[in-house]
**Q** 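Take this structure first; my questions come after.
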Amino acid sequence: MDEDKVQFAQETSARTLTEVIADADVFLGLSAGGVLKADMVKKMAAHPLILALANPNPEISPEDAKAARPDCIIATGRTDYPNQVNNVLVFPYIFRGALDSGATTITVEMEIAAVYALAELAQAEQSEVVAAAYAGEKLSFGPEYLIPKPFDPRLMIKIAPAVAKAAADSGVAARPVKDMDAYREQLQSFVYASGTTMKPIFTMARNAAKKRVAFCEGEEERVLRAAQIVADESVARPTLIGRPKIIAERVEKFGLRLQEGRDYDVVNVEQDDRYRDFWQTYHRMTDRKGVTVQMAKIEMRRRLTLIGAMLLHKDQVDGMICGTWGTTDIHLRYLDQVIGKRAGVNTYACMNGLMLPGRQLFLVDTHVNYDPSAEQLTEITLLAAEEMLRFGLKPKVALLSHSNFGSSNHPSALKMRQTLEMLHEQAPWLEVDGEMHGDIALDAPARLQLMPHSTLAGDANLLVLPNIDAANISYNLLKTAAGGNIAIGPVLLGAAKPVHILTASTTVRRIVNMAALTVADANAAR
């Protein structure tokens, strides 16, 4: 009998498990496989909790326990059964909180804080990472899901701050965390690689009056998961375009906490009082572009991006996001018809950001212009540089080519050379050089040796490609081979109002990031 068990010991004449199991509410085993029999489980109280934690074989298998008592709740130490009890869920994050607060010991209060953080996370909706890892499983709080999964990226964000606070409250923290919100943001930057880059954008979004952001594909799972985070983090007020009943059903299916009216608004694509006004406005805008009355009615009923664009045009939302399916061209067509280009801008473009090991890179134009002219590239570069400043980054621009500082006179090289001349004339403040190879752009010492008088100092962080093939291929190769699929964007440049077109491969975190950027754009446009 050790001291951990003695506090639970009771005077009894019973000497076997069979004798004490009757009417028990909980079985806690960390002993040997097979010691708990089905007949014993039948004697337990209603809805018994069975923690059969012996490994590799539990005290009773979940199949046998459920056969004996269908109402039981069972957890094991096995990865192949629901409710795995695994110390990997807490050890790294307890130590994270303890070390960050300078705790001199691990107190009971810190352990309890970790337990409550786990319980809170178990009752929250699933992250996209966990949903993808356990595809096909229904992971919402209940008898089959009492404990978060080890892959949940939010474990550190939840547990470490709780432990750090408990360390301070119990008097063992040598370096108490003074700003818990800042600490959570720091942890979030470890979990989400885009966190550091997006920090100024989220700060702008949260510090301003809450904006309304339309999500055009409002029934899509990734959009709904993103909307939950956007609502929770007070980034924006989501407006979901879709069928209210389907949205509500999917919210429940995915274990989300969203409630229409409280957390989000809906534009009902099947019945909305604004429909007549919307299609008539659209027809007036496009009647000399081949759009008939009948076509305007049909398009306004079925094109989600068009509905979102009209909401934005009518100032019924402050920004919009679309593009989780289809191509950029499909969505941009409707945006151009209704929203149009910003005053003084002649070209749309898309910029993508990548979080690579040791560097951040932005690339243009990845999705819009097939073979932009030098004039277009000049405008695109300036729009991209302006957007980077909003991220708090000083743009360092490299105009890329197969030619390296005049080594070729092919038309594409001449185009990039002309772009440089125009940029030097129109934006003398901008640090830019080219045309150059990609490796020279990212290797400042090599560039200095090759071109000592380069007008670009240090490694480039904004890469301007000569055509859409080069830009799109470079972006997707870098994203997959070196970037771990962690990206920001596409950021639509040149639109008159805050709107961004995503891609079919977009993640939940990327949607959240773009929602914050949309809010920042809306605030900047005031």
**Q** I want to check something: taking the side chain as every heavy atom from C-beta on, are K211 and R237 in contact at a cut-off of under 4.5 Å?
**A**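 No, their side chains stay 4.5 Å or more apart.
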**Q** Can any side-chain N or O of H313 pair as donor or acceptor with the backbone N or O of I339 at less than 3.5 Å?
**A**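 Such a contact is absent between H313 side chain and I339 backbone.
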**Q** For Q316 and F278, run side-chain contact (heavy atoms from CB on, under 4.5 Å): C-alpha distance rounded to whole Å, both residues' side-chain angles, the deciding distance at 0.1 Å, then the answer.
**A** CA-CA 12 Å; Q316 295 184 13; F278 280 11; 4.0 Å; yes
**Q** Without swapping roles, check the side chain of Q337 against the backbone of T286 for a donor-acceptor pair under 3.5 Å.
**A**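 Looks like no, no N/O pair under 3.5 Å.
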**Q** Any heavy-atom pair between the side chains of E144 and Y81 that's under 4.5 Å?
**A**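 When only atoms from C-beta onward are counted, E144 and Y81 do not touch, as no gap falls below 4.5 Å.
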**Q** Between D329 and H367, does any side-chain donor sit less than 3.5 Å from a side-chain acceptor?
**A**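 On atom types as modelled, these side chains do not qualify, holding no pair under 3.5 Å.
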**Q** Ion pair present between R96 and D100, side-chain N to carboxylate O less than 4.0 angstrom?
**A**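 The answer is yes: the pair qualifies as a salt bridge.
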**Q** Who are the salt bridge (Lys or Arg N to Asp or Glu O under 4.0 Å) partners of D315, not counting sequence neighbours?
**A**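 Only K497 meet the salt bridge (Lys or Arg N to Asp or Glu O under 4.0 Å) criterion with D315.
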**Q** How far does CE of M451 sit from CZ of F405, to the nearest 0.5 angstrom?
**A**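 Nearest 0.5 Å value for the CE-CZ distance: 5.0 Å.
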**Q** Yes or no on salt bridge (charged side-chain N to carboxylate O under 4.0 Å, His left out) for D263 and R257, after CA distance, side-chain angles and deciding distance?
**A** CA-CA 9 Å; D263 303 308; R257 293 168 284 105; over 6 Å; no
**Q** Write down the atom of A162, the atom of A117, and the distance for their closest heavy-atom approach.
**A**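 Reported closest heavy-atom pair: CB-CB, 4.2 Å.
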**Q** Just how far is it from atom CD of E379 to atom OG1 of T347, taken to the nearest 0.5 Å?
**A**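 Between E379 CD and T347 OG1, I get 4.0 Å after rounding to 0.5 Å.
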**Q** Using modelled atom types and a 3.5 Å cut-off, is there a donor and acceptor pairing between side-chain atoms of N87 and backbone atoms of F91?
**A**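 Judged by distance alone, no pair lies under 3.5 Å.
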**Q** Which one of V213, T305, I307 satisfies the side-chain contact (heavy atoms from CB on, under 4.5 Å) criterion with M320?
**A**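 In the set V213, T305, I307, the residue that makes a side-chain contact (heavy atoms from CB on, under 4.5 Å) with M320 is T305.
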**Q** Between Y282 and V291, does the side-chain contact (heavy atoms from CB on, under 4.5 Å) criterion hold? Intermediate values first, please.
**A** CA-CA 9 Å; Y282 177 57; V291 177; 3.9 Å; yes
**Q** Got L118 and L155 here, is their nearest side-chain heavy-atom distance under 4.5 Å?
**A**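 Answer yes - side chains close enough.
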**Q** When rounded to the nearest 0.5 angstrom, what is the spacing between CG in L363 and CG in N472?
**A**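 One finds 10.0 Å between CG of L363 and CG of N472.
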**Q** Between W429 and H424, does the ring centroid distance fall short of 6.0 Å?
**A**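 No: the rings miss the under 6.0 Å criterion.
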**Q** Using distance alone, with no hydrogens and no angle criterion, decide if R303 and Y334 have a side-chain donor and acceptor under 3.5 Å apart.
**A**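 Result is yes, a qualifying pair exists.
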**Q** Can you check whether T503 reaches P490 side chain to side chain, under 4.5 Å on heavy atoms?
**A**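 In short, these two side chains touch, coming nearer than 4.5 Å.
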**Q** What's the verdict on salt bridge (charged side-chain N to carboxylate O under 4.0 Å, His left out) for K396 and D459, showing C-alpha distance, side-chain angles and the deciding distance?
**A** CA-CA 7 Å; K396 290 177 173 287; D459 295 347; over 6 Å; no
**Q** Checking S408 against H410: is there a side-chain donor and acceptor pair closer than 3.5 Å?
**A**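 Yes, because at least one side-chain N or O of H410 sits under 3.5 Å from a partner of the opposite role on S408.
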**Q** Treating T507 as the side-chain partner and R510 as the backbone partner, does any N or O pair qualify as donor plus acceptor under 3.5 Å?
**A**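 Such a contact is found between T507 side chain and R510 backbone.
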**Q** With sequence neighbours left out, write down each residue that passes salt bridge (Lys or Arg N to Asp or Glu O under 4.0 Å) with E435, or none if nothing qualifies.
**A**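 Expected list: R417.
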**Q** Side chains of Q259 and Y264: any donor to acceptor distance under 3.5 Å?
**A**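 The answer is no; no qualifying pair exists.
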**Q** Do V266 and I247 come close enough that some side-chain heavy atom pair is under 4.5 Å?
**A**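 Yes; the side chains approach each other to less than 4.5 Å.
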**Q** Thinking salt bridges, do D265 and R212 make one under a 4.0 Å N-O criterion?
**A**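 Answer for the salt bridge query: no.
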**Q** Between K415 and D371, is the closest basic N to carboxylate O distance under 4.0 Å?
**A**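 Yes, D371 and K415 are salt-bridged.
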**Q** Pick from L420, L399, L383, L423: which one makes a side-chain contact (heavy atoms from CB on, under 4.5 Å) with T378?
**A**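 With T378 as partner, L420, L399, L383, L423 yield a single side-chain contact (heavy atoms from CB on, under 4.5 Å), made by L423.
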**Q** Report the C-alpha distance between V269 and R301 in whole Å, list the side-chain angles of each, state the deciding distance to 0.1 Å, and finish with yes or no for side-chain contact (heavy atoms from CB on, under 4.5 Å).
**A** CA-CA 6 Å; V269 296; R301 182 73 75 187; over 6 Å; no
**Q** If only side-chain N and O atoms count, and only distance matters, is there a donor-acceptor pair under 3.5 Å linking Y348 with D336?
**A**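 Side-chain D/A pair, D336 to Y348: present.
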**Q** Between V251 and L224, is any pair of side-chain heavy atoms under 4.5 Å apart?
**A**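 Side-chain contact under 4.5 Å: yes.
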**Q** About how many Å separate CG of N467 and OH of Y370, when rounded to the nearest 0.5 Å?
**A**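 Rounded to the nearest 0.5 Å, the OH-CG separation comes to 7.0 Å.
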**Q** Ignoring hydrogens and geometry, is there a side-chain-to-backbone donor-acceptor pair from N86 to L89 under 3.5 Å?
**A**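 Not a single qualifying donor-acceptor pair exists.
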**Q** Quick one: do the T324 and E220 side chains pair a donor with an acceptor below 3.5 Å?
**A**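 Distance-only check fails for T324 and E220.
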**Q** Applying salt bridge (Lys or Arg N to Asp or Glu O under 4.0 Å), can you list everything that pairs with K394, at least two apart in sequence or on another chain?
**A**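 Partners of K394 under the salt bridge (Lys or Arg N to Asp or Glu O under 4.0 Å) test: E431.
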**Q** Any pair with a residue in residues 240-249 that passes salt bridge (charged side-chain N to carboxylate O under 4.0 Å, His left out), sequence neighbours left out, goes on the list, sorted by first then second residue, please.
**A**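 Matches after skipping sequence neighbours: E219-R243.
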**Q** What is the minimum heavy-atom distance between L465 and L377, and which atoms define it?
**A**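 Taking L465 first and L377 second, the nearest heavy atoms are O-CD2, 3.6 Å.
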**Q** Give a yes or no answer on whether the side chain of S407 reaches the backbone of S403 with a donor-acceptor pair at less than 3.5 Å.
**A**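 Flag not set: sc S407 to bb S403 has no pair under 3.5 Å.
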**Q** Side-chain contact test, heavy atoms from C-beta onward, threshold under 4.5 Å: evaluate it for I147 versus V85 and give yes or no.
**A**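 The answer is yes, as the side chains (C-beta and beyond) meet within the 4.5 Å cut-off.
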**Q** Please, which pairs that meet side-chain hydrogen bond (donor to acceptor under 3.5 Å, both in side chains) have at least one residue in residues 439-454, sequence neighbours excluded?
**A**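 Pairs touching residues 439-454 that pass the test: D433-S454.
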**Q** Any donor and acceptor pair, going by atom type alone, linking the side chain of Q376 with main-chain N or O of S373 inside 3.5 Å?
**A**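 Pair found, side chain donor or acceptor close to backbone of S373.
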**Q** Roughly how far, to the nearest 0.5 Å, is the CD atom of Q360 from the CG atom of N461?
**A**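 Going from the CG atom of N461 to the CD atom of Q360 covers 8.0 Å.
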**Q** Answer yes or no: is there a donor N or O on one side and an acceptor on the other, between the side chain of N404 and the main chain of H437, under 3.5 Å?
**A**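 Checking the backbone N and O of H437 against the side chain of N404, a donor-acceptor pair under 3.5 Å is found.
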**Q** Would a 4.5 Å heavy-atom cut-off, applied to side chains only, mark F362 and L393 as touching?
**A**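 In contact.
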**Q** Given side-chain contact (heavy atoms from CB on, under 4.5 Å), test T239 with V267 step by step and report yes or no.
**A** CA-CA 7 Å; T239 295; V267 175; 3.8 Å; yes
**Q** Looking at G323, is its backbone amide N or carbonyl O close enough to the side chain of E217 to form a donor-acceptor pair, meaning the two atoms are under 3.5 Å apart?
**A**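 Confirmed, E217 side chain pairs with G323 backbone.
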**Q** Roughly how far, to the nearest 0.5 Å, is CD of Q426 from OG1 of T419?
**A**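 It comes to 10.0 Å.
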**Q** Among residues at least two apart in sequence or on other chains, which ones pass salt bridge (Lys or Arg N to Asp or Glu O under 4.0 Å) with R342?
**A**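 With sequence neighbours excluded, R342 shows a salt bridge (Lys or Arg N to Asp or Glu O under 4.0 Å) to E386, given in chain and number order.
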